[in-house]
**Q** 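This structure is in structure tokens; I'll ask about it shortly.
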Amino acid sequence: MCGIVGYVGKQNAVPVLISGLQSLEYRGYDSAGVAVLEENSIGIRKTKGKVDNLRNLLLNEPVSGNIGIGHTRWATHGAPSDMNAHPHFSNDDSIAVVHNGIIENYQELKDELEKKGYEFYSETDTETVAHLIHYFYKQGNDLLEAVRKTLERIEGSYALGVLCTDYPDQLIAARKESPLIVGLGKGENFIASDIPAILNYTKDAYILGDKELAVIKSDDVKLYDIKGNEIEREVYTYKWDVEAAQKNGYEHFMLKEIYEQPKVVKDNLSKRFSEDGKSIELDGIKLGKKELENINQIYIVACGTAYYAGLIGKYLLERIVRIPVNADVASEFRYKDPLIDEKTLVMVISQSGETADTHSALKLAKSKGARVLGVVNAVGSSIARDADDVLYTLAGFEIAVASTKAFSAQVVAMYLITLHIAQELGKIDEKEFAEIKKAMDNLPSQINDILNKAVLKIRGFVDKYIESKNVFYIGRGLDYVVGMEGSLKLKEIAYLHSEPYAAGELKHGPIALIEEATLVVGVVTQEALFDKTKSNIKEVKARGAKVLAIAMEGNSSIEDVADDVIYIPRTHWMLTSLLANIPQQLFAYYMALGLGEDIDKPRNLAKSVTVE
Ligand code: F6R
């Protein structure tokens, strides 16, 4: 959370920083600010609200200079306010700092610094960093050394950008557990939390590692470890282009990303089957018969939407491979002393590859000797770097806070991993594999089909449901899991209270909540469970609920009990979740649109949750 950008070069830094911050708003958008090195001083402008507010402030109170740092915030310490917005600066205004992360020992440092006479103006943890750097700088007159010593004192996570009036040709960056890259241009260089911020200028970057620092000048970048030793790093060239970070005519990134799903699924499938289509190739991951026979359980760990993708994996692996699979949200897993050892395969799933809880879960799993397979979208992210093996989900940038295409890519990864393990362990025969492969090949065009047909239907009936205050998603088996994702999407962007329930569980309590006109979304794509779920739908109908059903073509008897039905094309039972989720995404999107919500930047949320 929080986005950082920095510039050193010959252009005016302000437009570069503002456009960078705008592309990073998915990381947080409750306040924003910039610090620019002017003649002999640092010009700081910061304000509560989105980057647009900052842009307006800068129109009235301009600053200009060729070096600057910027920040868009997702509040952790201290409410969103002008004063708590970054950059923060030393008492003599000579040093300015932007920070993403959490300084865990900030109170102790603050007490110490106050005793030394430093005054604090904000409620943030970051202000301690500005004063601490200033303190060490006054001791030795060496900025890099002052930053390095500061890092040795602070506990927690950080991505930092530092400006100092005594160093008018450079900025310093550092990171630990919060992402930061150093973008490499011609006669200009950058720092950024993520590549979209600087994609207009360069695709080349150094990906900073944990506890590493960078001194960035317009024509030179030097990297150091925490001890101050200079280190070498290969340049990483991002393959994404500028359009990937733009809306391309769509009203929202979320809608654009929903419509990118046929391509994302196709990309994931086309790269993962052997030439003859008879086996799966997982980016060279060594999970062959020998390794798999050594594993007696699988543990899947992730957060939010990624966790639901993981649950789909759990259902499939258990049913097809017949291996015990546990699944936990990372924030629980990391503190429960999980039962894992060197015979456990831990699968961590993350779009951003930076989610703090998931990353800590990964480290815990490794410390217990488990082998960790990361299913990650962001190349070079912390989770991708620290996992033993990585399967990239090839979804491209996902900018909308609500995850759509990344989820679909994660679900495809679950299909591929399940099939691969099943094949290696002899749990699936050639005929069944071929049948599933054939069904998978149809998925991209089937998603297209849903997008074309369901969208009209959903737009047509959204008005009917827009007044709903409580929504229930019900289903059995894989349909229950996909309902969890549908329900989360509706909560996140339409701010509607919604809960997923196992359809058979309703009668044990939740059915008491059903009253006249309560909206129930019934997911009934699992044909083996169709009659059972249909009965549960009848039960809610009898109590006055309005029912929107998602069913597979050919099961039109659902129309007897549902008010509206969206059909997905026929597919293999293990693949229905991917298709059933598409109408759920569209439903959440059009409900949020109808309610006038800020779809790409829902309140209180940020895309990449790099704090606990
Ligand atoms: C929901 C959503 C979140 C993320 C979760 C994990 O739409 O996007 O629930 O899925 O924060 O994020 P990653 O996958 O980046 O670890």
Side-chain angles (χ1 to χ4, degrees), residues 26 179 181 194-196 199 203 205 207 236-246 248 253-254 256-275 277 279-285 287 300 302 305-306 308-310 312-313 316 347-355 358 373-385 387 389-400 402-420 436-437 440-448 451 485 575 577-579 581-582 585 607-608:
Y26 69 88
I181 59 172
D194 201 355
I195 186 72
L199 212 47
K203 290 183 184 180
I207 299 176
Y236 181 81
T237 302
Y238 285 84
K239 294 183 184 64
W240 297 326
D241 51 23
V242 179
E243 287 84 65
Q246 291 171 348
N248 289 348
F253 278 111
M254 182 177 174
K256 174 183 173 237
E257 288 160 5
I258 288 174
Y259 275 84
E260 281 171 356
Q261 292 177 113
K263 178 175 183 308
V264 166
V265 171
K266 196 169 183 185
D267 287 351
N268 276 279
L269 293 176
S270 64
K271 301 211 165 70
R272 266 54 188 270
F273 283 93
S274 59
E275 236 166 75
S279 61
I280 284 173
E281 290 171 354
L282 298 178
D283 296 358
I285 293 171
L287 267 183
I300 300 179
T305 285
Y308 299 140
I312 292 174
L316 295 177
M347 196 146 76
V348 294
I349 308 172
S350 176
Q351 187 284 126
S352 62
E354 300 293 346
T355 301
T358 312
L373 166 61
V375 178
V376 180
N377 195 41
V379 177
S381 55
S382 304
I383 293 175
R385 280 206 306 251
D389 302 289
V390 183
L391 181 67
Y392 281 112
T393 47
L394 313 178
F397 283 146
E398 193 179 60
I399 290 178
S403 183
T404 53
K405 62 174 179 170
F407 173 78
S408 288
Q410 287 160 349
V411 172
V412 174
M414 294 303 109
Y415 295 162
L416 294 168
I417 290 169
T418 304
L419 288 178
H420 171 73
I436 297 171
K437 157 90 169 64
M440 285 174 95
D441 288 342
N442 288 332
L443 288 171
S445 67
Q446 291 180 322
I447 297 174
N448 237 331
L451 288 171
E485 170 57 11
L575 309 178
S577 317
L578 185 73
L579 299 182
N581 190 45
I582 309 291
Q585 294 171 342
K607 181 87 184 149
S608 176

**Q** Compute whether any side-chain donor of one residue and acceptor of the other, for Ser408 and Gln261, lie under 3.5 angstrom apart.
**A** yes
**Q** Minimum heavy-atom separation for Ser403 and Glu398, please, with both atom names.
**A**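 Smallest heavy-atom distance, with atoms named: OG-OE1, 3.0 Å.
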**Q** To the nearest 0.5 angstrom, please state how far the NZ atom of Lys437 sits from the CG atom of Leu419.
**A**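 Going from the NZ atom of Lys437 to the CG atom of Leu419 covers 11.0 Å.
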**Q** Within a strict 4.5 Å, meaning less than it, do heavy atoms of the Tyr26 and Asp194 side chains meet?
**A** yes
**Q** Calculate, to the nearest 0.5 Å, the distance between atoms CG and CD1 belonging to Asn377 and Ile383 respectively.
**A**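 Spacing of CG (Asn377) from CD1 (Ile383) equals 11.5 Å.
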**Q** Establish, from distance only, whether the side-chain atoms of Thr393 and Gln351 form a donor-acceptor pair under 3.5 Å.
**A** no
**Q** Please give me the minimum heavy-atom distance between Ala378 and Ala384, naming the atom from each residue.
**A** O-CB, 4.1 Å
**Q** Measuring from Met347:CE to Leu391:CG, what's the distance to the nearest 0.5 Å?
**A** 9.5 Å
**Q** For Arg385 and Ile207, what are the C-alpha separation, side-chain angles and deciding distance, and is it a side chain to side chain contact (heavy atoms under 4.5 Å, CB included)?
**A** CA-CA 11 Å; Arg385 280 206 306 251; Ile207 299 176; 3.0 Å; yes
**Q** Using the side chain to side chain contact (heavy atoms under 4.5 Å, CB included) rule, take Ile280 and Phe273 through it: C-alpha gap first, then chi angles, then the decisive distance, then the call.
**A** CA-CA 4 Å; Ile280 284 173; Phe273 283 93; 3.7 Å; yes
**Q** Mind listing the closest non-hydrogen atom pair of Ile195 and Phe397 along with its distance?
**A** CG2-CE2, 3.5 Å
**Q** Going through the checks in order, is the side chain to side chain contact (heavy atoms under 4.5 Å, CB included) test met by Ile181 and Tyr238?
**A** CA-CA 11 Å; Ile181 59 172; Tyr238 285 84; 3.6 Å; yes
**Q** For the pair Lys405 (side chain) and Lys256 (backbone), establish whether a donor and an acceptor sit closer than 3.5 Å, ignoring hydrogens and angles.
**A** no
**Q** Going by heavy atoms in the side chains, are Ile312 and Gln410 under 4.5 Å from each other?
**A** no
**Q** Pick one: which of Asp267, Val412, Leu394 meets side chain to side chain contact (heavy atoms under 4.5 Å, CB included) with Arg272?
**A** Leu394
**Q** State the CG-NE2 distance between Leu287 and His420, to the nearest 0.5 angstrom.
**A** 5.5 Å
**Q** Of Asn581, Val264, Leu579, Ile258, which is the lone residue that meets side chain to side chain contact (heavy atoms under 4.5 Å, CB included) with Ile447?
**A**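 When side chain to side chain contact (heavy atoms under 4.5 Å, CB included) is applied between Ile447 and each of Asn581, Val264, Leu579, Ile258, only Leu579 qualifies.
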**Q** Rounded to the nearest 0.5 Å, how far apart are OG of Ser577 and CE of Met414?
**A**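 The CE atom of Met414 is 12.0 Å from OG of Ser577, to the nearest 0.5 Å.
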**Q** For Lys263, I'd like to know if atom NZ has over 12 heavy atoms of other residues, nucleotides or ligands within 6.0 Å.
**A**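 No, NZ of Lys263 has 12 or fewer neighbouring heavy atoms, counting only those of other groups under 6.0 Å.
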**Q** I'd like to know if the side chain of Glu354 and the backbone of Ser381 have a donor-acceptor N/O pair within less than 3.5 Å.
**A**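 Flag not set: sc Glu354 to bb Ser381 has no pair under 3.5 Å.
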**Q** Measure the spacing between OG1 of Thr418 and CG of Leu316 and express it to the nearest 0.5 Å.
**A** 4.5 Å
**Q** If you draw a 6.0 Å radius around NZ in Lys266, do more than 12 non-hydrogen atoms from other residues or ligands fall strictly inside?
**A** no
**Q** To check you understand the geometry: which heavy-atom pair defines the closest contact between Ile417 and Leu282, and what is its length?
**A**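 It is CG1-CD1, 4.2 Å.
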**Q** How close do Glu281 and Ser274 get, counting heavy atoms only, and between which atoms?
**A**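 Shortest heavy-atom separation between Glu281 and Ser274 comes out as OE2-CB, 3.5 Å.
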**Q** Under a 3.5 Å distance rule, please check whether Asn268 uses its side chain to pair with a backbone N or O of Ala409 as donor and acceptor.
**A**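 Flag not set: sc Asn268 to bb Ala409 has no pair under 3.5 Å.
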**Q** Tell me, with the steps shown, if Ile349 and Phe407 meet side chain to side chain contact (heavy atoms under 4.5 Å, CB included).
**A** CA-CA 10 Å; Ile349 308 172; Phe407 173 78; over 6 Å; no
**Q** Looking at every non-hydrogen atom in both residues, tell me the closest pair between Ala413 and Val375 and how far apart they are.
**A**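 Looks like CB-CG1, 3.7 Å.
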